[in-house]
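Here's the structure we're looking at; comments come further down.
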Amino acid sequence: MSQRIKIKALLESEQTNIEVTVKGWVRAFRQNRFIALNDGSTNNNIQIVVDFENTDPNLLKRITFGAAIRVTGELIPSLGQGQKVEITAKEIEILGDCNPEEYPLQPKKQSLEFLRENAHLRFRTNTFGSIFRVRNSLSFAVHTFFQERGFVYLHTPIITASDAEGAGETFHVTNFDLANPPKIDNGEIDFKQDFFGRATNLTVSGQLEGELGAMALSDIYTFGPTFRAENSNTTRHLAEFWMIEPEMAFYDLEDNMDLAEELLKYVISYALKNNAEDIEFLNQRLTEEEKQKPQQERSDMSLLEKLQFCLDNDFQRLTYTEAIDILKESTPNKKKKFQYPIEGWGTDLQSEHERYLVEKHFKKPVILTDYPKAIKAFYMRQNEPDAQGRETVRAMDILFPGIGEMVGGSQREERLEKLEQRMDEMGIPKEELWWYLDTRRFGACPHAGFGLGFERLVQFVTGMGNIRDVIPFPRFPKNAEF
RNA sequence: UCCUGAGUAGCUCAGCCGGUUAGAGCAUCUGACUGUUAAUCAGAGGGUCGCUGGUUCGAGCCCAGCCUCAGGAGCCA
């Protein structure tokens, strides 16, 4: 009966007066008598009661904040108030000492900035324990959602040869001695001699390869890391982030939006069900944080309310053109409160405009469709020009309160001539993407897909304000410490 | 990359008009207490004031450059 039991199971145990063994890390040691022990299975600690009068004082001294210990003892109904059960220790073994004078963490609230600098230890806090358990659930739910619908999980490459999509600055992948790369006559680096015989980089998106899969398997999704070497210093960007990119044959934009909305609701509801304690904890945390803010900046909904609200309401769908009309007539635009006033049709929306639509006007997630062709990617399906000759594409962005763009997707241009024409206009090298164009040459069909930024989803569900706090080891400009 | 703000003890922060030995709370250590759960009480230790240079009789404080962090913007997911 010395097999270790996880604390979560123990706290839910119906049985008492049995001998149990727990292993975990000390979160508190009060009055030389009460150990609060945590093993990461839940934020709740099990209380260990130590008979300190009959315990070696040298052992007692080693029960410090952060130390790893094993305890064998009897699980009994608690004699105190704060918990249902507790363990009276019969045997305590120190598995790993933790010198409190050197240990960076302290048994008190510590700032997220400080914990970010100690990302190797921050898992040991309640906040990050909750975040990463929720992240785990969301990740599992994404797979469950697609698997239940017959999608094939397709592993697209991490190393790619082209940045043809133009989704952003890439990180180069090379085997060259950087101090002395081989060069050709005109002084340029000779990538023919590099590992792959050509210039390569880390992927910025698996979409193009995903489309290849969808053109045979019908419905595929990718879920993997992507890399952008943009010098972005914001609470919503990372240099390395995880993206979910489904791609579906025979889907049009409506089908695409339906799937995205369904997916988001599915995974949020999964987390609410399976991580109720963690989300409740994060909800409390956020509520406390909100209290520190001035009245005006406070959110009118708690985290739990926001999540539930998102499940209970259809996302608001409207076209870019309709959005522009709303924004043009909006109070902040008329009162010149926007930093970028709405001039007319054709320019991209600024965050302040998106935020107005989502947070003020509709007060729920919004799906914007049919953006101007000029501001969107080459592979998006072109609409017929409207009565006024304005050209749009079948794009859709899902905007979330507090997060901004959560999903970006489109129906793809399946017509070869239209696609090639657009690539020429935008200066995209067709010869590099010959394999992509082949899908339009051989058995082309209408299809659609989208990209969902996984960390932004985790941000929304955990209520965390900075994206660097929802990925275990964030990569951002000037930081790759851990 | 741009704008704004910040960097002082292990952590969170105060530090007036430039002036003697740089403070507080928490944490840590020592002792007391012992059914606590943000334990309590008493005491102690702990500082290259981000870095470099400048102004000054004198700089934590003023000036310049740099570094890092936070928030906002752009780019986007």
Side-chain angles (χ1 to χ4, degrees), chain A residues 27-37 44-53 60-61 64-66 78-83 86 88 98-118 126 165-169 204-207 222-245 260 293 297 338-340 348-355 375-377 397-400 403-409 450-460 465-471 476-479 481:
Chain A
R27 282 287 179 85
F29 188 30
R30 284 181 292 270
Q31 277 197 341
N32 227 9
R33 184 174 212 164
F34 303 102
I35 303 170
L37 196 70
N44 299 315
N45 304 321
I46 184 90
Q47 173 155 286
I48 314 288
V49 185
V50 182
D51 179 7
F52 64 94
E53 280 157 326
L60 291 175
K61 277 195 172 164
T64 58
F65 180 68
S78 178
L79 304 179
Q81 289 301 309
Q83 55 283 317
E86 63 192 16
T88 47
C98 187
N99 182 349
E101 295 196 56
E102 289 172 10
Y103 190 45
L105 299 189
Q106 294 175 7
K108 64 167 198 170
K109 272 220 171 67
Q110 294 191 278
S111 71
L112 294 173
E113 291 83 8
F114 175 77
L115 292 170
R116 215 170 288 148
E117 284 169 21
N118 291 277
N126 281 336
E165 200 200 338
E169 289 290 310
V204 293
S205 162
Q207 180 200 316
T222 73
F223 187 176
T226 41
F227 309 87
R228 308 260 168 107
E230 302 284 355
N231 191 6
S232 295
N233 292 285
T234 79
T235 52
R236 301 179 296 285
H237 291 86
L238 290 165
E240 176 182 294
F241 64 100
W242 288 65
M243 193 151 57
I244 296 141
E245 293 181 292
K293 290 188 189 165
E297 288 172 34
F338 283 142
Q339 200 187 333
Y340 300 87
D348 211 350
L349 299 179
Q350 305 290 320
S351 337
E352 59 178 348
H353 305 141
E354 296 181 348
R355 231 179 299 124
I375 59 171
K376 286 289 180 182
D397 280 3
I398 304 186
L399 310 176
F400 261 62
I403 308 286
E405 189 178 342
M406 174 87 79
V407 166
F450 61 86
L452 165 64
F454 185 58
E455 279 75 21
R456 290 190 181 169
L457 171 65
V458 182
Q459 261 190 294
F460 181 71
N466 193 321
I467 201 165
R468 296 167 185 181
D469 293 329
V470 299
I471 187 165
F476 52 94
K478 306 276 183 250
N479 195 299
E481 181 69 28

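Computed over heavy atoms, backbone and side chain alike; hydrogens, waters and symmetry mates excluded. Just so we're on the same page: letters track the sequence lines, and every chain starts at 1.
The shortest distance between side-chain heavy atoms of A/Thr226 and A/Val204 does not fall below 4.5 Å. In this structure, the side chains of A/Arg228 and A/Phe241 come closer than 4.5 Å at one or more pairs of heavy atoms. You'll find the side chain of A/Glu230 stays beyond 4.5 Å of the side chain of A/His237, heavy atoms only. Side-chain contact between A/Arg27 and A/Asn126 is present, with at least one heavy-atom pair separated by less than 4.5 Å. Inter-residue side-chain proximity for A/Asn466 and A/Leu112 is flagged as unmet; no heavy-atom pair is nearer than 4.5 Å. A 4.5 Å side-chain heavy-atom check between A/Tyr103 and A/Cys98 finds at least one atom pair inside the cut-off. Side-chain contact check for A/Leu399 versus A/Glu405: some heavy-atom pair is nearer than 4.5 Å.
Of the nucleotides present, B/rC11 is the one that pairs with B/rG25 by Watson-Crick or G-U wobble criteria, both distances under 3.5 Å. The partner of B/rA77 cannot be assigned: no Watson-Crick or G-U wobble pair with both contacts below 3.5 Å exists in any strand. Within the shown strands, B/rG31 is the pairing partner of B/rC41 under the Watson-Crick or G-U definition, both distances less than 3.5 Å. Look at B/rC2: its Watson-Crick or wobble partner, with both distances under 3.5 angstrom, is B/rG72. Under the Watson-Crick or G-U wobble criterion, with both distances below 3.5 Å, B/rC66 is paired with B/rG50. Pairing for B/rA59 is absent, with no Watson-Crick or G-U wobble pair whose two atom distances lie under 3.5 Å.
Atom CD1 of A/Ile467 and atom C1' of B/rA77 are 8 Å apart (whole Å). Rounded to an integer number of Å, the gap from A/Asn32 CG to B/rC29 P is 12 Å. Rounded to a whole Å, the CD atom of A/Glu102 is 16 Å from the C1' atom of B/rG45. Rounded to an integer number of Å, the gap from CG of A/Asn45 to P of B/rU36 is 18 Å. Spacing between atom CD of A/Glu230 and atom C1' of B/rU1 amounts to 11 Å, rounded to whole angstrom units. What separates CZ of A/Phe241 from P of B/rC75 is a distance of 16 Å, to the nearest Å. Between A/Asn479 atom CG and B/rC67 atom C1' there is a gap of 14 Å when expressed in whole angstrom units. Rounded to an integer number of Å, the gap from A/Glu354 CD to B/rA77 C1' is 12 Å.
Taking atom P on both B/rA59 and B/rC49, the two are 12 Å apart, rounded to the nearest angstrom. The C1' atoms of B/rU4 and B/rG47 are separated by 30 Å, rounded to the nearest whole Å. Atom name C1', nucleotides B/rG15 and B/rU55: the rounded distance is 23 Å, in whole Å. Taking atom P in both B/rC67 and B/rU48, one finds a spacing of 24 Å when rounded to whole Å. Taking the P atoms as reference points, B/rG50 lies 13 Å from B/rG10, given to the whole Å. B/rG72 and B/rC17 have their P atoms separated by 31 Å, with the value rounded to a whole Å. The same atom, C1', is picked in B/rU30 and in B/rG45; the two are 10 Å apart, to the nearest Å. B/rC75 and B/rU1 have their C1' atoms separated by 10 Å, given to the nearest Å.
Phosphate contact (OP1/OP2 of B/rA39, side-chain N/O of A/Arg30, threshold under 4.0 Å): present. Side-chain nitrogen and oxygen atoms of A/Arg116 include at least one within less than 4.0 Å of the OP1 or OP2 phosphate oxygen of B/rA70. Neither OP1 nor OP2 of B/rU1 sits under 4.0 Å from any side-chain N or O of A/Ser232. An OP1 or OP2 oxygen of B/rA73 is reached within less than 4.0 angstrom by a side-chain nitrogen or oxygen of A/Arg236. Remark: A/Thr235 is in phosphate contact with B/rG72, judged by side-chain N or O atoms under 4.0 Å from OP1 or OP2. In terms of phosphate contacts, A/Gln350 brings a side-chain nitrogen or oxygen within less than 4.0 Å of OP1 or OP2 of B/rG74.
A/Ser78 comes within 4.0 angstrom of a nucleotide base, judged by non-hydrogen atoms across all strands. As judged by a 4.0 angstrom heavy-atom cut-off over every strand, A/Asn466 is placed among residues touching the sugar-phosphate backbone only. Contacts of A/Arg27 with the nucleic acid, taken as non-hydrogen atoms under 4.0 Å apart, are absent. In this structure, A/Gln83 reaches the bases: a heavy-atom distance under 4.0 Å links it to at least one base atom across the strands shown. Counting non-hydrogen atoms under 4.0 angstrom, A/Phe400 reaches nothing in the nucleic acid. The residue A/Gln47 sits close to a base: some heavy atom pair falls under 4.0 Å. Residue-level contact check: A/Glu86 touches the bases, meaning some heavy atom is under 4.0 Å from a base atom. Residue contacts shown for A/Gly451 are limited to sugar-phosphate atoms, with no base heavy atom under 4.0 Å away. Within 4.0 Å of A/Gln81, counting heavy atoms only, lies at least one base atom of the nucleic acid. Using a 4.0 Å heavy-atom distance criterion, A/Leu457 is classed as making no nucleic acid contact.
When all heavy atoms are compared, the tightest approach of A/Asn32 to A/Phe52 is O-CB, 3.2 Å.
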Check: protein-nucleotides 6-13 of chain B nitrogen or oxygen pairs below 3.5 Å:
residue: B/rG10; atom: N2; partner: A/Gln106; partner atom: OE1; Å: 2.8
residue: B/rG10; atom: N2; partner: A/Gln106; partner atom: NE2; Å: 3.3
residue: B/rG10; atom: N3; partner: A/Gln106; partner atom: NE2; Å: 2.8
residue: B/rC11; atom: O2; partner: A/Lys108; partner atom: NZ; Å: 2.8
residue: B/rU12; atom: OP1; partner: A/Ser111; partner atom: OG; Å: 3.0

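Of the listed nucleotides (B/rA73, B/rU68, B/rU30), B/rU68 has the atom at the smallest distance from the side chain of A/Lys478.
Taking the centre of each ring, A/Phe338 and A/His353 come in below the 6.0 Å mark.
With A/Phe400 as the aromatic partner, A/Arg456 does not meet the cation-pi criteria of under 6.0 angstrom to the ring centre and within 45 degrees of the ring axis.
The only member of A/Ile471, A/Asp469, A/Val470 that meets side chain to side chain contact (heavy atoms under 4.5 Å, CB included) when paired with A/Gln459 is A/Val470.
In terms of polar N and O atoms assigned as donor or acceptor, the side chain of A/Arg33 never comes within less than 3.5 Å of the base of B/rC33 in a complementary pairing.
Remark on RNA chain B: of its neighbouring residues A/Ala239 and A/Gln339, the 5'-side contact belongs to A/Gln339, judged by nearest-heavy-atom nucleotide. Nearest-nucleotide positions on RNA chain B for A/Gln31 and A/Met406 put A/Gln31 closer to the 5' end.
Taking the O4'-C1'-N9-C4 or O4'-C1'-N1-C2 dihedral as appropriate, B/rC17 has a value within 90° of 0 and is therefore syn.
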